[in-house]
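Below is one structure, written out as structure tokens, with a few remarks after it.
Within every chain, numbering begins at 1; the chains are lettered A, B, ... in the order of the sequence lines, protein sequences first and strands thereafter.
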Protein chains: 2
Amino acid sequence: MAQNSSRLTYLDIVSKGKELSSFLLSFFPNSKKVYIQGENRGVNVPFRQIKVAHNGSGEATDHSFFYAYDTSGPYTDPFAGVEIGSGLFPLRAEWIEQRGDCEPYEGRPIKPEDNGWVSVKDKAAILLKNGAQKLPLLKKRLPLRAKAGRRVTQLHYAKKGIITPEMEFVAIRENLGRKGSSLRQGKGPLYSQHSGLAWGASLPEEITPEFVRKEVASGRAIIPSNINHPELEPMIIGRNFRVKINANIGNSAISSSMDEEVAKLVWAILWGADTVMDLSTGKNIHEIRELIIRSSPVPIGTVPIYQALEKVGGIPEELSWEIYRDTLIEQAEQGVDYFTIHAGVLLRYIPYTANRLCGIVSRGGSIMAKWCLAHHQENFLYTHFDEICEILRSYDISVSLGDGLRPGAIADANDAAQLSELFTLGELTKKAWEHDVQVMIEGPGHIPMQLIKENMDLELKHCFEAPFYTLGPLTTDIAPGYDHITSAIGAAMIGWFGCAMLCYVTPKEHLGLPNLEDVKTGVIAYKIAAHAADLAKGFPGAQLQDNFLSYARFHFQWEDQFNLSLDPPTARLFHDENLPQPAAKHA
Amino acid sequence: MAQNSSRLTYLDIVSKGKELSSFLLSFFPNSKKVYIQGENRGVNVPFRQIKVAHNGSGEATDHSFFYAYDTSGPYTDPFAGVEIGSGLFPLRAEWIEQRGDCEPYEGRPIKPEDNGWVSVKDKAAILLKNGAQKLPLLKKRLPLRAKAGRRVTQLHYAKKGIITPEMEFVAIRENLGRKGSSLRQGKGPLYSQHSGLAWGASLPEEITPEFVRKEVASGRAIIPSNINHPELEPMIIGRNFRVKINANIGNSAISSSMDEEVAKLVWAILWGADTVMDLSTGKNIHEIRELIIRSSPVPIGTVPIYQALEKVGGIPEELSWEIYRDTLIEQAEQGVDYFTIHAGVLLRYIPYTANRLCGIVSRGGSIMAKWCLAHHQENFLYTHFDEICEILRSYDISVSLGDGLRPGAIADANDAAQLSELFTLGELTKKAWEHDVQVMIEGPGHIPMQLIKENMDLELKHCFEAPFYTLGPLTTDIAPGYDHITSAIGAAMIGWFGCAMLCYVTPKEHLGLPNLEDVKTGVIAYKIAAHAADLAKGFPGAQLQDNFLSYARFHFQWEDQFNLSLDPPTARLFHDENLPQPAAKHA
């Protein structure tokens, strides 16, 4: 029996214990976790294999399995035995060690302010209350760092011509098991695919490890993969690969349970989030982040200025390069895979926002603008960008250059503030590449449809084809409560035009914090947008899932139609509201 | 207190009686119905006036009101005193009479088969059970028909240079009260609007009655308005006007309460449906249609072949021109405003569907294909098209040329079957215009993004700019349960490219019958798509609502933000989940 998720709470997930994987798999009937081995040791690439029923003739067909890209990690592997808070196996540890270019060190001591000024006594109380009894389960490791003079980034290896296990992993993953399988030899409409319109993207029939290396070397793609996040199943972000989606989670001053955030992470990746950003701002944020990273098979991104601000009591004027730098080190040692850094908010651009309808709406942008105006000094993220890159290249943290001046309303789209910052992000991209730091560029926001392509084209031109990573964009402002839809429209379009990763928007955008159902709705809306973009670009093999599902629909194979869909329980539930009888699923 | 609608049933609406308008208005706090008078007698154009709170300074601003396009009719006018089943005031009766070109006549007697072969005894029982006690409330009228040799269509008048009251009504409506109001004189970002990209559409700063006339005369726009539907508040469908949306309702063999369907109609127009199609196929369909039309301030469309098929016991082969013709007369006399007619499904196109993944998925297309193949004769809707037009022009029924060979899967998009039919629809368009019959063209379906524009461009070219009316299109097949989203993406895009009306898709598409919540979700998703399209085309004034709402958002004027949104109760509910305190709505 499929699960209806609409009334789930975090506790339902947290309480599953060892039964977690069977619980999660129950949402995907007829699916099981399979792995395809690579040539490198330890390269075992996960897929969700969906068994498809026989066709109407009663005979087995040659299309009895479909392989879906699987972001859910060991949580849906019954043999992995993981539960909330247990942490994951460090599958990349051996790869990292064998490169011989980094070393363990004592690391920065954890300070009370890392967790929001909690006193030692308060901390113990809060940890106990919020389920951090899980923390001792995690084996303490010394952090790794590049040896003196070494650069340990995938970009560095790629430029040197080295194909890493991460690159091989990614190549197999992007092919969705099509290599050598019957799926690519199929004939007839079930295996057909329309020609795409790729707007300059270059999409090979098969993605090879060497193709991955070249894309990373050129800066057109990144594999966010901090050496202190060995639990990561590598993935790639670039416009010549499948369009990816990000889900934001994180506690706030209002709510701050640690287990809740890990449950949200697991929930988001179950439905298809390719990366997750932890935007926590409340108490215990260091501990929460630790638990999230140890629990995450997908790259984790953060906005370090949020935590730095907590350390100075929430007063932007009191921020300093030293506090920020210390925060970068803190998070680098934990294993954050990418940092959003608002280094393009320059002092001279701030006046451009004065005549806007909605001023500055990016939290990071607003913090930095306040700091710049208070000190009448240039943004310290910009002036210290070389030092930032030196840190990032020592851990292989990708930089996501934040769009602190993104428009917060349709009226402010593509204005001087937004575009000036974009040009500066291009300048910083070149600087980061000199340090072999992997880069992506963040984008808006609120953009009416006719201005979306200009955003993509300007980004490609001025940021030298570094991957674009956009929030939506929302194509109208008039539907709070439905911004997963207003933005899925823009996200699908910009994904088609070349955007590499789409940051999800949930129905609660502008209104409140997403609950589990909102997270799922946001992820599904964005899986739709990303897949629609893959189809439109003509990504090889992307149309197979559409074809399989439509075939099942046309032949009234209801179970297949449900099981091949993005959300089997919802499809089944909607069907059963009118026709609950089992017989109605076969005719 | 705003209403949460997620658990509403039809009965909640039906049971409101005289309290219906205050119940419906409770979903839109600070809104009231206002009318703007035209020059013609009886032209009183309804708008929803939203009162906007004072700005942060505490002073009243010059933007204290916003005028929203209002499709909800007298149901939201407390002074109209209408309830479910009471019927509406025939506001157009005088206009129609004064033209002096039509006359009442006895009309066709109602036959048992009109209601699905119900015997007289069965019928009484079913009517009683399903709330048809309301029918006697409706004053019996003799149907009207054109006098011999006269054509009574808006297209006919437009070609003669006559500006009808309907045209004036539409012109005022499209301007959203901007004429002469302070709204168009505003300065600064609150009144700004981006330049649109209109793809050849021609969007004047102000829509005049003469502009409406010219557009109707050219065939680029239609005003569906059967002379037997005098309750109609005229609206226009054309790419030089606001993009419109249609909602489908209708009973089926499974469920067949009459009050339910009227409740669904009222619910759909409350949230913004511009036209409603009654796709009933169960029992009592004549009576249900009568109640729907008498209750509807928006144009009602039908697919007459559905009822004709009921009359021959559901066996397509038994259909005949005579039965179909009789059904057209039956529905024409009731006041249906537009008919979907699948006259382009030609015998020779049917083999083109053999190699499709999903064959023929249009119900009307499939019925006609079966008839053609069984008789090995050309489609009688095609061979009798002139006679059909003679009927239509005698009542001013618009023809919506159905796409019976539309693709039912991404794989089948833009194929020979689909495009061959489109070219034939162009041929039929010219023929209809010779009869002064208003025409629109139906379109797909399932289309990946890169093939959407080709659909629009081919339609404009081969159907001579007759308005396009599309179902979605769905941009991927993989998300049953979320097809309001897969299709809102395609709908927004094709609306931008020039599609005049978007037929909604609800979350239940492919799975079951929509309930009230699904109808609302579908309508809101399509209001988003239509508005995003208006913004992208640069429709004058379209951005005002976005600007007003974003201004309120930026200044933490929560009540304004809710009230200016498409769905105030949902926006408020989502906000209150985290911050229920009244104070949280002001800061």
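Chosen from A:Pro507, A:Gly196, A:Cys358, the residue pairing most often with chain B at heavy-atom distances under 4.5 Å is A:Cys358. Chosen from A:Ile485, A:Leu564, A:Asp412, A:Leu197, the residue pairing most often with chain B at heavy-atom distances under 4.5 Å is A:Ile485. Ranked by heavy-atom pairs shorter than 4.5 Å toward chain B, the options A:Lys508, A:Gln545, A:Arg356, A:Arg553 are led by A:Arg553. Of the listed residues (A:Thr486, A:Thr476, A:Val361), the greatest number of heavy-atom pairs within a distance under 4.5 Å of chain B belongs to A:Thr476. Of the listed residues A:Gly481, A:Ser550, A:Ala536, the one with more heavy-atom pairs under 4.5 angstrom with chain B than any other is A:Ala536. Among A:Gly359, A:Ser192, A:Gly408, the residue making the largest number of heavy-atom pairs under 4.5 Å with chain B is A:Gly359.
Nearest approach of B:Ile489 to A:Ala529, heavy atoms of both residues: CD1-CA, 4.4 Å. Closest approach of B:Leu451 to A:His194, counting heavy atoms only: CD1-ND1, 3.6 Å. Shown here for A:Phe554 and B:Ile360, the closest heavy-atom pair between the two residues is CE1-O, 4.3 Å.
Scanning residues 490-498 of chain A against chain B with a 4.5 Å non-hydrogen threshold yields A:Ala492, A:Met493, A:Trp496, sorted by number.
B:Asn515 touches chain A through its side chain: at least one heavy atom from C-beta onward sits under 4.5 Å away, while N, CA, C and O do not. With a 4.5 angstrom heavy-atom cutoff, B:Gln543 touches chain A only via side-chain atoms. For a residue to count as touching a neighbouring chain, one of its non-hydrogen atoms must lie under 4.5 Å from one of that chain's; by this rule B:Pro189 touches chain A with backbone and side chain alike. If you measure heavy-atom distances from B:Gln193 to chain A, you find no contacts under 4.5 Å at all. Neither the backbone nor the side chain of B:Asp534 has a heavy atom closer than 4.5 Å to any heavy atom of chain A. Proximity to chain A (any heavy atom under 4.5 Å) is restricted, for B:Asn355, to the backbone atoms N, CA, C and O. In this structure, chain A has heavy atoms under 4.5 Å from both the backbone and the side chain of B:Ala413. Only the backbone of B:Ser195 comes within contact range of chain A, judged by heavy atoms closer than 4.5 Å.
Inter-residue side-chain proximity for B:Trp558 and A:Leu511 is flagged as met; some heavy-atom pair is nearer than 4.5 Å. Taking the side chain as every heavy atom from C-beta outward, A:Thr570 and B:Tyr482 approach each other to under 4.5 Å. In this structure, A:Pro480 and B:Asp567 have side chains that are not in contact, with every pair of non-hydrogen atoms separated by 4.5 Å or more.
Remark: B:Tyr191 OH to A:Leu357 CG distance equals 11.0 Å, nearest 0.5 Å. For the atom pair NZ of A:Lys537 and CD of B:Gln450, the computed distance is 12.0 Å after rounding to the nearest 0.5 Å. Going from atom NE2 of A:His510 over to atom CZ of B:Phe574 covers 14.0 Å, rounded to the nearest 0.5 Å. Going from atom CD1 of B:Ile410 over to atom NE2 of A:His531 covers 8.0 Å, rounded to the nearest 0.5 Å. With rounding to the nearest 0.5 angstrom, the CD atom of B:Glu577 is 10.0 Å from the CG atom of A:Leu513. Interatomic distance, CD1 of B:Ile478 versus CG of A:Leu535, reported as 7.5 Å (0.5 Å rounding).
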